[in-house]
Amino acid sequence: MPNTSGNAYALTTLCPLKHKGENQESPILYTRKVLQELPNCTDLQDSPMSKVPNTYLARFFILDDTVFRGYPFHLDHLQSKYLVFSVEFHGDLETYLKEMYRAVSKEIHTIWKYGFGFEEVKHEHSFVSYIKKCQVETTFFFNGSTDESLEEQLKSLYVKQEFSKFVFEHQGASPEDLLAAYKEFDQRVQPHILAFPTWKPGVDKLEEIVKTSN
């Protein structure tokens with residue numbers, strides 16, 4: 001089924017931007033500036049999308065026009081600039097979009113300020129309707145995550161990293177010491193409890209995980 005792969009959903013939207021902004025403000029320049037000021041790859045844990053439950057991967061960019069790739073020379077141009085929002089997540093579309101609006105409604109209204117028709121978005125239900133109008137079919141998934149919920153994947157990453165440290169630190173230990181150390185490890189890591197301690201959304205460095213776990 002298009003847009004879905006198991007429990008994962010891939011949403012792609014092309015939201016046309018208005019040609020004129022408030023007080024002669026350029027919608028394109030405004031939107032581009034907003035996107036450029038979003039956290040980059042060095043501080044993803046501060047990204048607004050890290051606050052949205054079950055987000056695997058998300059990206060925003062502006063589509064200025066179609067790109068000429070070869071012959072024939074005829075090329076259709078876009079009538080508008082588009083804000084492209086692409087996200088892959090665990091679960092169904094409406095639930096995800098409602099949770100997204102609840103989590104980051106302020107950021108949503110800032111990013112989509114100059115989207116055609118976005119002035120009608122007043123709550124989570126109208127946001128769902130707006131995004132569905134901008135949606136295009138997704139047939140290719142970029143993210144290579146598993147089919148589990150984000151919570152389960154984050155816990156698995158945390159346990160994997162912590163267990164790698166455990167193995168490295170206890171090489172050559174006696175069976176008695178190794179058993180005692182593993183019991184302490186199991187108590188500290190809590191493998192069967194997903195909520196905490198765990199890998200924090202947006203974090204890509206182990207030292208940041210350790211800080212949040214201590």
With sequence neighbours excluded, residues passing ring-ring contact (aromatic ring centres under 6.0 Å, His included) with [X]:
X	value
Tyr114	Tyr30
Phe127	Tyr101, Trp112
His123	His125

- prompt: Counting N and O atoms only, with roles assigned by atom type, does the side chain of Thr138 sit under 3.5 Å from a partner on the main chain of Asn3, one being a donor and the other an acceptor?
  reply: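 Side chain of Thr138 to backbone of Asn3, a donor-acceptor pair under 3.5 Å: no, none is there.
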Residues that [X] engages under side chain to side chain contact (heavy atoms under 4.5 Å, CB included), provided they are two or more places apart:
X	answer
Glu119	Lys18
Ala180	none
Ser26	Ile28, Leu29
Glu169	Lys165

Return the set of residues passing side-chain hydrogen bond (donor to acceptor under 3.5 Å, both in side chains) with [X] (not counting sequence neighbours), or none when no residue passes.
X	value
Tyr9	Gln135
Gln190	none
Tyr130	none

query: Are any of the side-chain nitrogens in Glu22 or Lys113 under 4.0 Å away from the carboxylate oxygens of its partner?
result: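 Yes, Glu22 and Lys113 are salt-bridged.
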- request: Count the heavy atoms belonging to other residues, nucleotides or ligands that lie under 6.0 Å from CD of Glu137, then report whether that count exceeds 12.
  value: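 More than 12 within 6.0 Å, yes.
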- prompt: According to the interplanar angle, ranging from 0 to 90°, do the rings of Phe89 and Tyr96 count as parallel (below 30°), tilted (30 to 60°) or perpendicular (above 60°)?
  reply: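 If you compare the ring of Phe89 with that of Tyr96, the planes turn out parallel.
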- prompt: Can you list every salt bridge (charged side-chain N to carboxylate O under 4.0 Å, His left out) pair that touches residues 29-38, not counting sequence neighbours?
  reply: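 Qualifying pairs: Arg32-Asp64, Lys33-Glu37.
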field: Pairs where residues 171-186 contributes a residue and the test salt bridge (charged side-chain N to carboxylate O under 4.0 Å, His left out) is met, not counting sequence neighbours
entry: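 As it turns out, the salt bridge (charged side-chain N to carboxylate O under 4.0 Å, His left out) pairs with a partner in residues 171-186, which skip direct neighbours, are Glu184-Arg188.
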